[in-house]
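A quick write-up on the structure given underneath.
Naming convention: chains lettered A, B, ... in sequence-line order (proteins, then strands); numbering from 1 in each chain. These figures come from a predicted structure and were not determined experimentally.
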Amino acid sequence: MKDSFYDQVFEIARLVPKGRVTSYGAIAKALGAGGSARMVGYAMSNANIAHPKVPAHRVVNSSGLLTGKFHFSPPELMQELLEQEGIVVVNDKIKNFKSVFWNPLEEL
DNA sequence: GGATTGACGTGTC
DNA sequence: AGACACGCCAATC
């Protein structure tokens, strides 16, 4: 499954710069999938076992909420990684989300 | 090959 | 502000 939708999602996810985050919808749009934001998230389920590793912690929902944190080995890992990159997370959501948001469409 | 599913998104109530 | 509903679309069963 190399040319599947998943791999495209992984690619974009890997392109997210350190200290920045993006949303599922943004990735979907960057892929031209538009409304298939759910697929992006669904694909990230494989991110845990995907190689090379995918910085899934840099991908959140449109509200900057860490929706998928419970999918990490330790759920708190997601926030940990984000904070390590200088991203402030409060109450499971990213602070200054708009400031750290990385738009794939603008970079690609 | 139809039905189910989902780490979403946007709009309403 | 918080809860609920519907739409979208590909992968999996």
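- Here B:dC8 presents its P atom at 14 Å from NZ of A:K69, a figure rounded to the nearest Å.
- The side chain of A:S62 places an N or O atom within less than 4.0 Å of a non-bridging phosphate oxygen (OP1 or OP2) of B:dG9.
- Atom-to-atom, NE2 of A:H71 to P of B:dT5 comes out at 15 Å; the value is rounded to the nearest Å.
- One interatomic measurement links the two molecules: CE of A:M44 to P of B:dA7, which rounds to 12 Å at whole-angstrom precision.
- Scanning all heavy atoms of the two residues, the minimum distance from A:V60 to A:F97 falls at CG2-CE1, 3.6 Å.
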Could you go through residues 26-42 of chain A and list every donor-acceptor pair under 3.5 Å that involves a side-chain atom there, pairing it with any protein atom two or more places apart or in another chain?
| unit_1 | atom_1 | unit_2 | atom_2 | d |
| --- | --- | --- | --- | --- |
| A:S36 | OG | A:A33 | O | 3.3 |

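- B:dA7 atom C1' lies 17 Å from atom CD of A:E76, rounded to whole Å.
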> When every nucleotide of nucleotides 5-10 of chain C is labelled 5' to 3' by its protein contacts under 4.0 Å (heavy atoms), B for base, S for sugar-phosphate only, - for none, what sequence of letters results?
Replying inline: --BBBB

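- What separates NZ of A:K93 from P of C:dA1 is a distance of 10 Å, to the nearest Å.
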Scan the side chains in residues 75-89 of chain A for donor-acceptor partners under 3.5 Å anywhere in the protein, sequence neighbours excluded, and list what turns up.
| unit_1 | atom_1 | unit_2 | atom_2 | d |
| --- | --- | --- | --- | --- |
| A:Q79 | NE2 | A:E83 | OE2 | 3.2 |
| A:E85 | OE1 | A:G19 | N | 3.2 |
| A:E85 | OE1 | A:R58 | NE | 2.9 |
| A:E85 | OE2 | A:H57 | NE2 | 3.3 |
| A:E85 | OE2 | A:R58 | NE | 3.2 |
| A:E85 | OE2 | A:R58 | NH2 | 2.8 |

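- Rounded to whole angstrom, the span from the CG atom of A:N91 across to the C1' atom of C:dA1 amounts to 14 Å.
- Rounded to a whole Å, the CG atom of A:N46 is 9 Å from the C1' atom of C:dA11.
- Within 4.0 Å of A:T67, counting heavy atoms only, lie sugar-phosphate atoms of the nucleic acid but no base atom.
- Residue-level contact check: A:A28 touches neither bases nor backbone, having no heavy atom under 4.0 Å from any strand.
- In this model, the phosphate group of B:dC8 is not approached by any side-chain N or O of A:S23 to a distance below 4.0 Å at OP1 or OP2.
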